[in-house]
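Computation of the quantities below employed the complete heavy-atom set of this structure, encompassing side-chain atoms and omitting hydrogens, waters and symmetry-equivalent molecules.
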Amino acid sequence: MKYIETVPQGAEERAKMRKQIVLRRKTLTVLCFACAFAGILLLVATLGVLLAAELGKISEQVKTILYILTGAFLGGAVLFALLAVLFSKAGQRALAREQDFIERCDGEKSFFVGEGTLATFGNGRLTLHAETDGRVIFVPYEEMRFFSVCTRHTPSDRGEWSVVLEIPARYIAKNKAEKDAPPALVQTDYKPRLITCLQEEGLELIGETPDPDGGREKKKRICVKKFVRPDAAKRKRAAVFIAIGAVLLAASFPVAFWWETTAGTIAGVLGAFVLGRAVYSFLKAKTVLALCREGFWWKESARSDSVFLKWEEITECVKEERGGRELLAVRCAYGAYYFPAFEGVEQEIAALKERGTAEQDCCGKTVDGQLPNE
């Protein structure tokens, strides 16, 4: 991420610069939605022109023109879809630059830790305050811990980096009952300016640090044991669409032979698409707990719900009763994750620990992992 190099000192210059940054971010957002809308319209136009070419009583010359328009509209839809993705990513970068600008206007050691909330380092304490006027909270450094965390969704070294601040609950509790609660965890973006700030303040950052090559090196991941549990509700919904797709596909043949070829073809294509998509959804409707040599992987059908934890960051894996359910608690230094417990998972983790975790990666180098303590 490339941030703004310098921030003007004068209030008027800062206001002008912020206006330009906000305008750029809003423009990119509008362009993203405009391209997405244009792509949808072109897809609808593609279907309409194709139906007109196949079902309409028109000359061969007009039909040829309509086929050309079909290809042009479809190509335009793909182009606008790609532009929407590009503008979306550019908008996200613009939003990050805008937030960094606001932080630096507040101070070079200020960072967002939530919606409209800034954390400022200095004078041996962390100051939590709103972007505008509001409540101010002071937290001494000696009562805090700072963690470097990489959120991974797949068994790889790449992920979303952040810095997690552990704050005693009594400093941010809204009532007395919450003051004895476990420490609160607040998250901020991992950026070079923050790392420099922590070093200048003499604060220890616990946890792993980003790989210099950005995690681009591909390594062989060795899965030792998998536990699979189907998602009954999602599979039931997928089964309904499998039936619909199968009916459409089966009906397309008699419709094409005995009534209208074009209508049968459209029904067949639609049925094949619905059937294929539903079968894929049916197969993916499951949760998987995979124990790898390198770490613990909880895989959901939605990628954003999946999580991969390296053994180095895990301190304990135990079963616990929570809300009347038996869950697997996977504890890290900065907090715990809770997953549905599978039969025999604790024994497999213990066996994996006994076998050790020294493995040869694809380049022939030895990788030493560390399994959780029992």
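Rounding to the nearest 0.5 Å places NZ of Lys226 at 14.0 Å from CD of Glu348. With rounding to the nearest 0.5 angstrom, the CD1 atom of Ile206 is 10.5 Å from the OG atom of Ser148. Remark: Lys191 NZ to Ser162 OG distance equals 12.0 Å, nearest 0.5 Å. To the nearest 0.5 Å, atoms CD (Gln61) and OG1 (Thr64) are separated by 7.5 Å. For the atom pair Leu23 CG and Thr27 OG1, the distance stands at 4.0 Å (nearest 0.5 Å). Separating the OG1 atom in Thr46 from the CG atom in Leu74 is a distance of 5.0 Å, to the nearest 0.5 Å.
In this structure, Arg229 satisfies the cation-pi test against Phe342, with its NZ or CZ atom closer than 6.0 Å to the six-membered ring centre and inside 45 degrees of the ring normal.
Criterion: ILVMFWY side-chain heavy atoms under 4.5 Å apart, direct or through other members. Under it, Leu69 and Phe80 are part of a common hydrophobic cluster. The hydrophobic cluster containing Trp161 does not contain Leu95, counting ILVMFWY residues as joined when their side-chain heavy atoms lie under 4.5 angstrom apart, directly or transitively. Linking Ile, Leu, Val, Met, Phe, Trp and Tyr whenever their side-chain heavy atoms come within less than 4.5 Å puts Tyr141 and Leu165 in one cluster. When the side chains of ILVMFWY residues are joined at heavy-atom separations under 4.5 Å, either directly or via intervening members, Phe37 and Val85 end up in two distinct hydrophobic clusters. The hydrophobic clustering, which links ILVMFWY residues whose side-chain heavy atoms are closer than 4.5 Å, places Leu194 and Ile102 apart.
For Glu142 against Gly124, the heavy-atom pair with the smallest separation is OE1-O, 4.5 Å. Scanning all heavy atoms of the two residues, the minimum distance from Ala90 to Leu28 falls at O-CD1, 3.5 Å. The nearest pair of heavy atoms linking Cys292 to Trp311 is O-NE1, 2.9 Å. Shown here for Leu83 and Cys35, the closest heavy-atom pair between the two residues is CB-SG, 3.8 Å. The shortest non-hydrogen separation linking Glu201 to Asn123 is OE1-N, 4.5 Å. Closest approach of Cys32 and Ala84 over heavy atoms only: SG-O, 3.4 Å.
Between Val318 and Leu328, the closest side-chain pair of non-hydrogen atoms is not below 4.5 Å. Within the 4.5 Å cutoff, no side-chain heavy atoms of Val149 are placed close to those of Gln187. With a 4.5 Å cut-off on side-chain heavy atoms, Leu126 and Phe138 do not count as touching. With contacts defined as side-chain heavy-atom distances shorter than 4.5 Å, the pair Ile21/Arg25 does not qualify. Between Thr287 and Trp298, some side-chain heavy-atom pair lies under the 4.5 Å cut-off. Proximity of Val7 to Cys105: side-chain heavy atoms (C-beta onward) are separated by under 4.5 Å at one or more points. Residues Ile195 and Tyr190 have side chains in contact (heavy-atom distance under 4.5 Å, counting atoms from C-beta outward). Between Ile137 and Ile172, some side-chain heavy-atom pair lies under the 4.5 Å cut-off.
In summary, Arg152 and Glu208 engage in a salt bridge, as defined by a charged side-chain N under 4.0 Å from a carboxylate O.
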Side chain to side chain contact (heavy atoms under 4.5 Å, CB included) between Leu291 and Phe227, worked out:
CA-CA 9 Å; Leu291 301 179; Phe227 299 87; 4.1 Å; yes

Give the C-alpha distance, both sets of side-chain angles, the deciding distance and a yes or no for side chain to side chain contact (heavy atoms under 4.5 Å, CB included) between Thr154 and Phe308.
CA-CA 6 Å; Thr154 59; Phe308 176 73; 6.0 Å; no

Side chain to side chain contact (heavy atoms under 4.5 Å, CB included), that's the test. Do Cys197 and Phe111 meet it? Break it down for me.
CA-CA 10 Å; Cys197 173; Phe111 306 90; 4.2 Å; yes

Start with the C-alpha gap between Phe296 and Tyr337, add the side-chain angles, then the distance that decides, and say whether ring pair (Phe, Tyr, Trp, His ring centres under 6.0 Å) holds.
CA-CA 11 Å; Phe296 177 104; Tyr337 296 84; 8.8 Å; no

Go through the steps for Phe87 and Val30 under the test side chain to side chain contact (heavy atoms under 4.5 Å, CB included), then give the verdict.
CA-CA 9 Å; Phe87 282 131; Val30 170; over 6 Å; no

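Results of the side chain to side chain contact (heavy atoms under 4.5 Å, CB included) test with Lys16 over Gln20, Glu13, Arg14, Lys19 single out Gln20 as the only residue that passes. The side chain to side chain contact (heavy atoms under 4.5 Å, CB included) test with Val113 singles out one residue from Leu118, Val164, Leu128, and that residue is Leu128.
Taking Arg125 as the reference, nothing meets the salt bridge (charged side-chain N to carboxylate O under 4.0 Å, His left out) condition, with sequence neighbours excluded. Applying the salt bridge (charged side-chain N to carboxylate O under 4.0 Å, His left out) test to Glu200 and every residue at least two apart in sequence or in another chain returns Lys109.
More than 12 heavy atoms of other residues, nucleotides or ligands shown are found within 6.0 angstrom of OH on Tyr338. Within 6.0 Å of CD in Glu12 there are 12 or fewer heavy atoms belonging to other residues, nucleotides or ligands. Within 6.0 Å of CZ on Arg104 lie more than 12 heavy atoms contributed by other residues, nucleotides or ligands. By the 6.0 Å contact criterion, CD on Glu115 is open, its count of non-hydrogen atoms from other residues, nucleotides or ligands being 12 or less. Residue-environment remark: NZ (Lys319) exceeds the threshold of 12 foreign heavy atoms within 6.0 Å.
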Could you tabulate the donor-acceptor pairs under 3.5 Å formed by side-chain atoms of residues 275-286, not counting sequence neighbours?
| from | atom 1 | to | atom 2 | distance (Å) |
| --- | --- | --- | --- | --- |
| Arg277 | NH1 | Ser281 | OG | 2.9 |
| Ser281 | OG | Arg277 | O | 3.0 |

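No donor-acceptor pair under 3.5 Å is formed between the side chain of His129 and the backbone N or O of Val136. Proximity of a side-chain donor or acceptor of Arg193 to a complementary backbone N or O of Ser110 within less than 3.5 Å is detected. When atom types are taken as modelled, the side chain of Glu313 and the backbone of Lys310 share a donor-acceptor pair closer than 3.5 angstrom.
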